[in-house]
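Index from 1, following the sequence.
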Amino acid sequence: MNYGFWLPIFGGWLRNVDNEQMPPTFDYAKEVIQSAEQWGFDTTLIAELYLNDIKGMEHDSLEAWSTAAALAAVTEKIEIMAAVRPGFHNPAVAAKMAANIDHISNGRFTLNVVSAWWEEEARQYGGIFTAHDERYDRTKEFLDVMKGMWSEDTFTYDGKYYTIKNAHLQPKPVQRPNPILYAGGESERGKDTIVHSCDAYVMHGGTVEEIEVKVTDMKNRRKQAGKPPFQSFGMAAYVICRDTEEEALEEWKRITDVKDTSGYVGYKDFVSKSQLEQQVKLNDYSVSNRGLRPNLIGTPSQIADRILSYEQAGLDLLLLQFSPQLTEMKRFSEDVMPLVEEKRKKRIHDTEKEGKVL
């Protein structure tokens, strides 16, 4: 299992808690990512939203790409995954920017391709917001242009949404043939685009059974399309790690006490403008990306066991959320990550021992 975390660019992850002591500032983001490198985290995901979806539109939030470039210069080994939404970017310019950040990071910059869901944000920022399936038509062309710019000396493209003539992009990205393209989607149209155009599949939080079904399905789709296996399967999850189950349950109750706050302003757009495989309840929306559904809630031993179950289901990347970020990330790195390794080794040993007996 690789361990990633969502960079706290919105001032926290809890829609029902006003102040999580996680200021949405570059200085705090820098402290978090540099600490995460020391604690053994592999990846950070930087969400791209121009409005604050967690605390409310009127609250501060950081811009993803400029933050990614700045953090690339002050880190050494962690993967920096920035979200990109085709409706807000010129693909040729985005390809140029991504190649530049990839050089700043020495090959550590990757992208999470998001086809967008928040109509109000698009209105405020002049983004392109269209019907669901058409978003993926645009996304496919967007990715065609980016990959063409990254791979060809002179690139020309004549599509429905984008026209590029004899374009040059130098230097090419450090990663060849391109920075890893992650994407998530639950609709048939979304899955088809991801299978044919992306390199890795990321999911909202789900149970072990739900994730196993999704991983198996996407592996089969990829094989049927004649594509190489996905490089990674990732999932979002929110962690509540405590010394006892009772303490963890009390924290769960605290953060899911749904209040009438401006942090829920995007809820209606999310559930009505997306094609979701699971019904999302208001309680699930207490944290982002269905983070409570994986149930990484409990003692270190309980959480470690669940992580190993996700490994067996085919998951190899966790994109975790914590609050307060530094305190809980450090706890996770010290109490859970080593325990996962110990339990994995014991399982392997016990399986081998059982095999010899048989």
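Within a 6.0 Å sphere centred on CD of Glu334, heavy atoms belonging to other residues, nucleotides or ligands number more than 12. Other residues, nucleotides and ligands contribute at most 12 non-hydrogen atoms within 6.0 Å of the CD atom of Glu76. Within a 6.0 Å sphere centred on NZ of Lys96, other residues, nucleotides and ligands contribute more than 12 heavy atoms.
Interatomic distance, OG of Ser232 versus CD of Glu79, reported as 8.0 Å (0.5 Å rounding). Separating the OH atom in Tyr201 from the CD1 atom in Ile194 is a distance of 5.5 Å, to the nearest 0.5 Å. Within the model, atoms OG of Ser288 and CD of Gln321 stand 3.5 Å from one another, a figure rounded to the nearest 0.5 Å. Summarising the geometry, atom CD belonging to Glu352 is positioned 7.5 Å from atom NE2 belonging to His349; distances are rounded to the nearest 0.5 Å. To the nearest 0.5 Å, the span separating CD on Gln34 from CG on Leu71 amounts to 8.0 Å. The distance from the OG atom of Ser286 to the CG atom of Asn16 is 4.5 Å, given to the nearest 0.5 Å.
Listed by chain and number, the residues in a side-chain hydrogen bond (donor to acceptor under 3.5 Å, both in side chains) with Glu20 are Lys55, Ser323 (sequence neighbours excluded). With sequence neighbours excluded, the residues that form a salt bridge (Lys or Arg N to Asp or Glu O under 4.0 Å) with Glu48 are Arg85. For the salt bridge (Lys or Arg N to Asp or Glu O under 4.0 Å) test, no residue two or more places apart in sequence or in another chain qualifies with Arg306. With sequence neighbours excluded, the residues satisfying side-chain hydrogen bond (donor to acceptor under 3.5 Å, both in side chains) with Ser66 are Glu63. For Arg221, the side-chain hydrogen bond (donor to acceptor under 3.5 Å, both in side chains) test picks out Glu188, Asp217, with sequence neighbours left out. Every residue two or more places apart in sequence or in another chain was checked for a salt bridge (Lys or Arg N to Asp or Glu O under 4.0 Å) with Asp335, and none qualifies. Residues meeting the side-chain hydrogen bond (donor to acceptor under 3.5 Å, both in side chains) test with Thr299, sequence neighbours left out: Gln302. The ring pair (Phe, Tyr, Trp, His ring centres under 6.0 Å) test applied to Trp65 returns His89, Phe109, not counting sequence neighbours. Checked against ring pair (Phe, Tyr, Trp, His ring centres under 6.0 Å), Tyr50 has the following partners two or more places apart in sequence or in another chain: Phe88, Tyr125.
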Output side-chain donor-acceptor pairs under 3.5 Å for residues 1-12, partner residues at least two apart or in another chain, one line each.
residue	atom	partner	partner atom	Å
Trp6	NE1	Leu319	O	3.1

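Counting only residues at least two apart or on different chains, the side chain to side chain donor-acceptor pair (under 3.5 Å) pairs with a member in residues 171-181 are Asp102-Gln175, Asn178-Asp199. Screening residues 337-346 for side chain to side chain donor-acceptor pair (under 3.5 Å) gives Ser301-Lys343, Asp305-Lys343, Glu311-Arg344, Glu341-Arg344, Lys346-Asp350 as the qualifying pairs, with residues at least two apart or on separate chains.
Using modelled atom types and a 3.5 Å distance limit, the side chains of Asn166 and Thr156 yield a donor-acceptor pair.
Ring-plane geometry between Phe230 and Phe233 is classed as perpendicular, the angle between the planes exceeding 60 degrees on a 0 to 90 degree scale with a lower cut at 30.
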Between Asp60 and Asn52, does the side chain to side chain contact (heavy atoms under 4.5 Å, CB included) criterion hold? Intermediate values first, please.
CA-CA 7 Å; Asp60 293 355; Asn52 192 323; 5.7 Å; no
Test Arg254 against Leu14 for side chain to side chain contact (heavy atoms under 4.5 Å, CB included), laying out the working first.
CA-CA 10 Å; Arg254 183 182 77 90; Leu14 306 178; 4.3 Å; yes
Residues Arg189, Thr193; criterion side chain to side chain donor-acceptor pair (under 3.5 Å); working and verdict:
CA-CA 6 Å; Arg189 186 68 182 86; Thr193 300; 2.8 Å; yes
Can you check side chain to side chain contact (heavy atoms under 4.5 Å, CB included) on Glu141 and Val145, steps first, answer last?
CA-CA 6 Å; Glu141 285 198 13; Val145 171; 5.5 Å; no
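A 4.5 Å side-chain heavy-atom check between Asp42 and Ile78 finds every atom pair outside the cut-off. Side-chain contact between Met203 and Val215 is present, with heavy atoms from C-beta onward closer than 4.5 Å. For the pair Phe332 and Phe41, the minimum side-chain heavy-atom distance is below 4.5 Å.
When hydrophobic clusters are built by joining Ile, Leu, Val, Met, Phe, Trp and Tyr residues whose side-chain heavy atoms come closer than 4.5 Å, directly or via intermediates, Ile255 is grouped together with Leu320.
By the 4.0 Å N-to-carboxylate-O rule, Glu152 lies too far from Lys147 to be salt-bridged with it.
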